[in-house]
Amino acid sequence: MLALDLLLQGIVQGAIYALIALGLTLIYGLLRILHVAHAALFTLGGYIGVIVTNETGSLPLALIVAMVSVGLLGIVIYRLAYKPLLDQSPLVALIASIGLFIAFEEVFRLVFGSYGLSFENPPLRTQVNLGGGLLISHSKLLVIGMAIVILSILAWLSTRTRTGIAWKATVTDSQIASSFGINIERVRYLNFFIGSALAAAAGVMVALLTNLVEPTMGAVASYKALAIIVLGGLGSVRGTLVASIAIGIVESFGTVYVGHILDRDALAFAFLVIALMIRPQGLFKAG
Amino acid sequence: MLLSVSDVTVQFGGVTAVADLSLQVDRGELIGIIGPNGAGKTTLMRVISGLVRPTSGSILLNGQDVTGWTIDRRVRSGLALAQQIVKPLATFTLAENVALACGSRRMGSPWQAMTTVDRNAELQRGRELLELVGIAAAADDYPSAVPLGYLKCLELARALALEPELILLDEPLAGLNQAEAAQMADRIASLVTESRSIILIEHNLREVIRICPKLFVQDQGRYLDFGATEEVMANPKVRAAYLGEGAI
Amino acid sequence: MLSVKNIQCGYGDIVAVHDLSFDAAAGEVFALIGANGAGKTTTIMALAGHLPPNQGSITVDGCDISAGPARERLQYGIALVPEGRRVFPDLSVEDNLTVGGHTLERARLATNRDNVYQIFPRLAERRSQLAGSLSGGEQQMLAIARAMMADPKILLVDELSLGLMPKMVDECYQVVDTLKKQGLLIVLVEQSTQRALDVADQVAVLESGHLAWQGSGDEARTDSSVVSAYLGT
Amino acid sequence: MAYEVILLTTMAIMVLFALSLNVITGFCGQVSLGHAAFYGIGAYVGAMLTKAGWPLLIALLPAAGIAGLIGFFVGLMSLRVRHDFLAITTMGIAFLFVGFVRKQEWLGGEIGISGIPAFGFGRIGLLVVALACAGLFAAVTVYLKRSWMGFGFDSIADDEDTARILGIDVPRFKLWAFVIGTAGAGVAGALYAHHVRYIGPDSFGFVESVTVLAMVIIGGIGSVWAVALAAAVLSVLPLWFQFIDDYKLLIYGLLVFAVMRFSPNGIAGALQSFRRRLR
């Protein structure tokens, strides 16, 4: 029973990682930038989620506001920070992004305070019995459900709509894509919007699970998202999903069985380092 | 025998880029490797230089089996490579680019490299080599400031600086105009000595035929012909490979 | 229809094509031949809008398009079949065609796709297969089909026969012939000189970025000096 | 007086720390996002040894040695990955270090190590040692830069494939850079432990790794003097101006971003291009 419980826990965590990491992968796939500041958008999403819920009492509204506003901020970041750096070495963008991330974290601390915010009436705290004594809270169910819904919508968008197909074409070969009339710049904006909105959704969900948002909440989770996309093969959507769930599960089992040697975060990175030593190109090579 | 390539096959994924090729090069030879685009010439070159590991087959350099060696080790034992896409070190002046190559033999051991400071002799030698290839005037310029023709010459000077017994040249004439190409071809021919051989991959058939006494022809990764230039060029299979099926 | 006047293009300080001019009309095959590095692909990329010329002009039916971005070339009827095919390997055959018809209205997209499948029945059979799993010849077909989706007037074809089995080369040339008869202008770059000469109405031989010879297809076919200039024998 | 001594000691230690990363990232072009791990290794080794009765000056040697040895193995692993993968792998190493230390009771676990003995020759003595170490390391790296090893590093940072074609044994050069750089960080860490006399896992986290990388980058990748200057200024800025302390990280972040955005070659690069323009 413990094993099942841990598995479930791992999947919930993995689903959140997947939402954060997917945005990073989308951005890496298109621009070859490791967008560390993505972490800040995740945190901001969490804050907006809590604040809007507390003001209006509506969680769905909060989720939408968080996703849209953070998505727009993502576009602004691309336009002001990354676009001018595209012809530099990718490390320049990486380091600029780290700088931006640190600055954002501090802004959150200064604006929202160091001690974090919570929901006034924490939504969805009740537990459901899945049978056999396996309990799960509504919020966790929502996280899994949301992840499935969002990923399905994304899958539908990218395989069934012309915009989605154009986007995939741009990722593989933007020069040729532009030859067929695709506006590359618009695809990039869209990419940043969707990726950032996903991070915001993940932020709201983490806020739901822990009932706490704090300025530093982005740090570890998002470094882990970097680890995940590297592990997934950088730019491979499928690899990212597999790696997210894998790291979620490794963590949840690892904390119980080897937690006395390594802490939770170190476990994920130990897994990353070992996996990269065996497959330096990540689990899946990007197409 | 300076270089002996035996039964080399290279597969990428499911594609066979080079199939069962063998090639022998003696001291003092200048051999042209030709073949249509996609013939696997560059792959063969990369196998000889060590940038690509063959799926099967072996490479002997001076009688030593170097098949598993890294490229830098091959370079320190007498091989030099000038690539088709020129790759100057962008943060080095042309003279420094060549000087670094002049000191390559001491670069096998970091300790030796660490305990040596003086680089004047190499910089001097670098200037001499730039003079030899005709671009001494640009010795103190950075690669971004000089035309492509100069960079091609730089590749050559750098290869010479390694004091190699065998130089691999991948399309040194590509992108040069007719006069420049002829000049470069003459320069290449003049570099062959009793102790220095050159393998030349080139699309500019006019110049290859003019300067190379022997040709090796491959098509779609396979061996087509190897021998004296005139005989090879008279071979109908070779002409067909170049002109398409209709020419037979 | 297509008029190129004294264009010069290159990368940074490096000039890859010097002072090239030609005119070509609908229903023609204009063949650009020459060795590797002679500047053929550079010319094609300039026509496709990926490499704006430093000097000179490119006009289509009197409109100067030299400076416009690649994305707008289809508006002037120019479509590209790039070197190495560059189909989108992770997309299905059908989705590759959808990208080709990105600028079309929805209804038109379906019609054109059906038309293209008529010309390339083999692609229709493989419509849901990933493009990356096609053979080299099928990918070349797909690259042509993708370019045909937006009803171009001018087709730029870079290295049609490169790396293909002889049988597939024949099929590709048959397609070129069909398209030409439909009234398209085809600008064809080829390594395989003989094949290009067989179909060409006009021929330009490039050498090291300079125009070495220019004339009609008939002249080129009868004048063996064109071939020998290229082969150097 | 005492305050200035503390300030200067902090400065000297950070200069040493930044210069040690400069060997790996600046000279050899290998971006490390986990350099604080080696600073931490040196700090823990130094602290454990002096608590066991070793004199600090002798404890510096094993601090350098063990950090360098672990650096060697990390370097060995890093040979398999490049660029972005390398940056993330080194970041992983840093998290591994912190996560490992946190769970080790004999290293003080979460609580860390307190009561680290003061240096026998007092605060001024420690300052002299720190200045000497930083000065010595600076001299060594200036020498390295001028030697053929520096020439080799330059070529690897420029384009490692081309470096190989010119006969340079790239993996061995990289390993040397890692060993020299991590050993230097080890010394800096041991000095730091005796400077603040309390260390814990959180003293060596990701922020510290990024901070030191920021110093190297803001100074200008590869330039010994500019990096030393940037480290000196940036390390004491928040101490000098107490009111800035609250915004310290915000300013760091914005500075790193601004330098990358407007002058990717750092202050040294900006000066160089300014000088070129004057000519």
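Keep in mind that the numbers below use all heavy atoms, side chains included, and drop hydrogens, waters and symmetry copies.
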* **Chi angles and distances behind the side chain to side chain contact (heavy atoms under 4.5 Å, CB included) call for B/Thr70, D/Val170** => CA-CA 10 Å; B/Thr70 56; D/Val170 171; over 6 Å; no

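The nearest pair of heavy atoms linking B/Leu100 to D/Trp148 is O-CZ3, 3.9 Å. Contact between B/Ala90 and D/Asp158 at its shortest, heavy atoms only, is N-OD2, 2.9 Å. B/Ile71 approaches D/Arg164 most closely through the heavy-atom pair CG2-CB, 3.7 Å. In plain terms, the two heavy atoms of B/Asn97 and D/Leu166 that are nearest each other are O-CD1, 4.3 Å.
Between D/Thr162 and B/Arg158 the shortest side-chain heavy-atom distance falls below 4.5 Å.
With chain B as the partner, the residue from D/Ile168, D/Asp161, D/Asp159 showing the most heavy-atom pairs under 4.5 Å is D/Ile168. Across B/Ala101, B/Gly50, B/Ala99, the residue that shares the most heavy-atom pairs under 4.5 angstrom with chain D is B/Ala99. The residue among D/Ala157, D/Gly152, D/Ala163, D/Ser155 with the most heavy atom pairs within less than 4.5 Å of chain B is D/Ser155. Put simply, of B/Pro88, B/Ser104, B/Ala161, the one with the most heavy-atom pairs under 4.5 Å next to chain D is B/Ser104.
One distance of note links CD1 of D/Ile165 with CG of B/Leu51; it measures 5.5 Å at 0.5 Å rounding. Note that CZ of D/Phe151 is 5.5 Å distant from CD of B/Glu96, once rounded to the nearest 0.5 Å.
Heavy-atom distances place the side chain of B/Leu162, and not its backbone, under 4.5 Å from chain D.
Residues of residues 109-121 of chain B that come closer than 4.5 Å to chain D, counting heavy atoms only, are B/Ser109, B/Pro110, B/Trp111, B/Ala113, B/Met114, B/Thr115, B/Thr116, B/Val117, B/Asp118, B/Arg119, ordered by residue number.
Within a 6.0 Å radius of OH in B/Tyr150, other residues, nucleotides and ligands contribute 12 heavy atoms or fewer.
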